[in-house]
There are 2 protein chains.
Amino acid sequence: MEKRVTSHDVAELAGVSRTTVSFVFNDDKQYFVRPETRQKVREAARKLSYYPNASARALASKQAKAIGLIMTRDPHYIAADNFLPQIIGGLLDVVKERQISLLIEWVEPGEQTHTYLSLTQAKHIDGMILLTPRFDDPGLKALEQLGIPCVIMGQVPGSNLPFVDIDNCAAAHMAVNHLIELGHTRIACITNAQLSYSSASQRLLGYRQALVDAGLDLDENLIREADFDSVSGYAAMQNLLDSGSNFSAVFAGSDTVALGVMAAIHEAGLTIPGDISIVGFDDIPEAAHYYPGLTSVHVPANEIARQSCRLLMHLMKGEAPEDTSIFLPTALISRQSTCEIERSQKHRQGEKLVHFT
Amino acid sequence: MEKRVTSHDVAELAGVSRTTVSFVFNDDKQYFVRPETRQKVREAARKLSYYPNASARALASKQAKAIGLIMTRDPHYIAADNFLPQIIGGLLDVVKERQISLLIEWVEPGEQTHTYLSLTQAKHIDGMILLTPRFDDPGLKALEQLGIPCVIMGQVPGSNLPFVDIDNCAAAHMAVNHLIELGHTRIACITNAQLSYSSASQRLLGYRQALVDAGLDLDENLIREADFDSVSGYAAMQNLLDSGSNFSAVFAGSDTVALGVMAAIHEAGLTIPGDISIVGFDDIPEAAHYYPGLTSVHVPANEIARQSCRLLMHLMKGEAPEDTSIFLPTALISRQSTCEIERSQKHRQGEKLVHFT
DNA sequence: AAGCTTCATTAACACGCGTTAATTGATTCT
DNA sequence: AGAATCAATTAACGCGTGTTAATGAAGCTT
């Protein structure tokens, strides 16, 4: 094990003190180092290929220069999350330019409080971004009380922690309303996840409100829960089709789930949108290339990540930003998976509806 | 800013020395602490909610207890990588159980050497996993020379660094051969990325060899380069279709690219596999639900991640494992996107082929 | 009772850096 | 010329922990 190069070595070679080296490397405007001295130090550092030790620096400065992205899902579901790459991409963008590192952590259910505290109190990280925590996350109160810099991607009702999110309910409302405007009256819903995830329950709420606002029946038999991946969407749709319920459109809580839903529809010998229209949610990059092109609610994933990150940095500096809860806009992207309900189908549905009135 | 709880505080409350506290928390078998003392310390720590400071620990022990996942792609492409979640899921699995943190870093082209060295020399991390570096990565030699613990996911010809990968060439050969066995003779290839990424060039090589081994013509006009995302696959396929070249099957370098390819085929009014058969690569979880179900080469992404991680941990312990280059098996998963070439098409192709012989 | 061994604990130093207050040297002011 | 100002640098302390060598305490042998 060869000896490590320390700031002491650099100082010696440059003929200055260790303090000066430190000043140069943190280029603090408050302290004045002569340009030529600065130059000498820089050169010595380069010659020795000196890299300031991160741990020592963190220890002395009490700043880890790192933030954490914390996920509360099983690795199994993480692996199925097509949203994640966009999030990470956005975070890396911001973090990189500020010379901060990004830590990724997965917390086991039941371990939230411990994990959150050990990460921040141990100063592994200066702040954290919580990716879609669940309703019942017990660690959130602890974070709130201790005033730990923290931003939630998503929302948790009852928590006052800063967050960045879209208006899931309104966006779902818009998506379902699109189907209604196309003439659909019997619309099914497959959630994106269990309802303990707030995004899932909010989107379901938007679905319900859209139907109610349009004066349509709310048939609980047309609702199924999926579980993040397309396999669960596929299963949910199969179950729904097997149930013999009557519907001409589906609102899926995520594009990944929608993909499974579409596969089940195809497999049943039905066509999209001829027999069944479908709207997804997220508008992941692949949605446009699904078959047929998936109408979806565009969620600015990259922007959510960037804004979360920026907000977190403000909090870490101790600044209390004016807006501690940020809502980002969504938009409905209409593609080929939705169309006006066909006359024939309307008719068929009309007949069926007799059973329900 | 409230005072931090240190091991000193715990020692005081427990009525022991700081050293003893340290022994308890690292439960080192070498040192014997009486069970009752141990108990006292644990309780005191709990009462004060003590969390050992990570930086101080890293500084003193010279171990960061962290590894890094380093990516050499632009955030833009990272966002399009449906493979990434599986990789991260696998890594998290392994690091979690060993109490190690996972750092994610993106390195700018040209900054490789600097980034690699600053991350490891600064002891931000103890070791690193390089995700699909490029051929010409100049930082690899530095890593090799300095003996920094490091595992490559993928392969870089000319580098002796340990790696975990699949046999891309053989797998591609298998995929293309599947098409050949189905009777296809004019097979196009759309790579998964630029050829400076070794996986792309190796898969292309496998494609070429399969054709040659079968005694088929190698038409360079049937090869296009895509660039990670489905958009690039779509564009490449459009370009290929516009060129008027004749082919009855496509080998796509990744499933994500394949999705774009399929979209272009559908848009051209052709059917899959009726008019064109297609094979993908990676077998991401969604591939089964694409329309039609995508025949693909299954890559054990999760296992690649886990093995890389384990290998890295061995290297970090200074152990030199017997196998420093691990190849994992692949398998062709046959779905609905491939079928025997139709008689009519064979005929048509036969006619066309006259032009080429 | 003195010496030896084993077990449990501790004092003291090291890790590499940030930061404050103090020091030096040069310059300007009275 | 001496005092006062300012720019540039440094000595010295602290951050919270790991770890080694040393210290006690207790049991055993002779």
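Each chain gets a letter, A, B and so on, in the order the sequences are listed, and its residues count up from 1.
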First locate atom [atom1] of [X], then atom [atom2] of [Y], and finally report the distance between them rounded to the nearest 0.5 Å.
X	Y	atom1	atom2	answer
B:Ile304	B:Phe163	CD1	CZ	11.5 Å
A:Ser55	B:Arg57	OG	CZ	12.0 Å
A:Leu91	A:Ile104	CG	CD1	8.0 Å

- request: Would you kindly give the CZ-to-P distance between B:Phe25 and D:dT19, to the nearest whole Å?
  value: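 Interatomic distance, CZ of B:Phe25 to P of D:dT19: 15 Å.
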task: Measure from CD on B:Gln63 to C1' on D:dT17 and round the result to the nearest Å.
output: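 Distance, rounded to whole Å: 13 Å.
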message: Can you see whether A:Thr6 engages A:Arg18 through a side-chain donor-acceptor pair at a distance of less than 3.5 angstrom?
response: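 Judged by distance alone, the side chains do not pair up.
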message: On DNA chain C, compare the nucleotides closest to B:Phe32 and A:Asn26; which residue's is nearer the 5' end?
response: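 Looking at DNA chain C, the more 5' nearest nucleotide goes with B:Phe32.
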- request: May I ask you to list the residues of residues 9-23 of chain B, by number, that have any heavy atom positioned under 4.0 Å from an atom of DNA chain C?
  value: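 Only B:Val16, B:Ser17, B:Arg18, B:Thr19, B:Thr20, B:Phe23 qualify.
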Mind checking whether [X] and [Y] have side chains closer than 4.5 Å, heavy atoms only?
X	Y	answer
B:Val156	B:Asp137	no
A:Ile152	A:Ser159	yes
B:Lys141	B:Thr113	no
B:Met71	B:Met153	no

- prompt: For the rings on B:Tyr51 and B:Phe25, is their centre-to-centre separation under 6.0 Å?
  reply: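 Centroid separation for B:Tyr51 and B:Phe25: 6.0 Å or greater.
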Positional range of nucleotides in DNA chain C within the contact set of chain B, heavy-atom, under 4.0 Å: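 Both ends considered, the range comes out as C:dA8 to C:dG16.
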- request: Take the angle between the ring planes of A:Tyr77 and A:Phe228 and call it parallel below 30°, perpendicular above 60°, tilted in between.
  value: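 A:Tyr77 and A:Phe228: tilted rings.
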task: Specify the residues of residues 33-58 of chain A, ordered by number, for which at least one heavy atom lies under 4.0 angstrom from an atom of DNA chain D.
output: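 Those residues whose heavy atoms fall under 4.0 Å from DNA chain D, taken from residues 33-58 of chain A in numerical order, are A:Val33, A:Arg34, A:Thr37.
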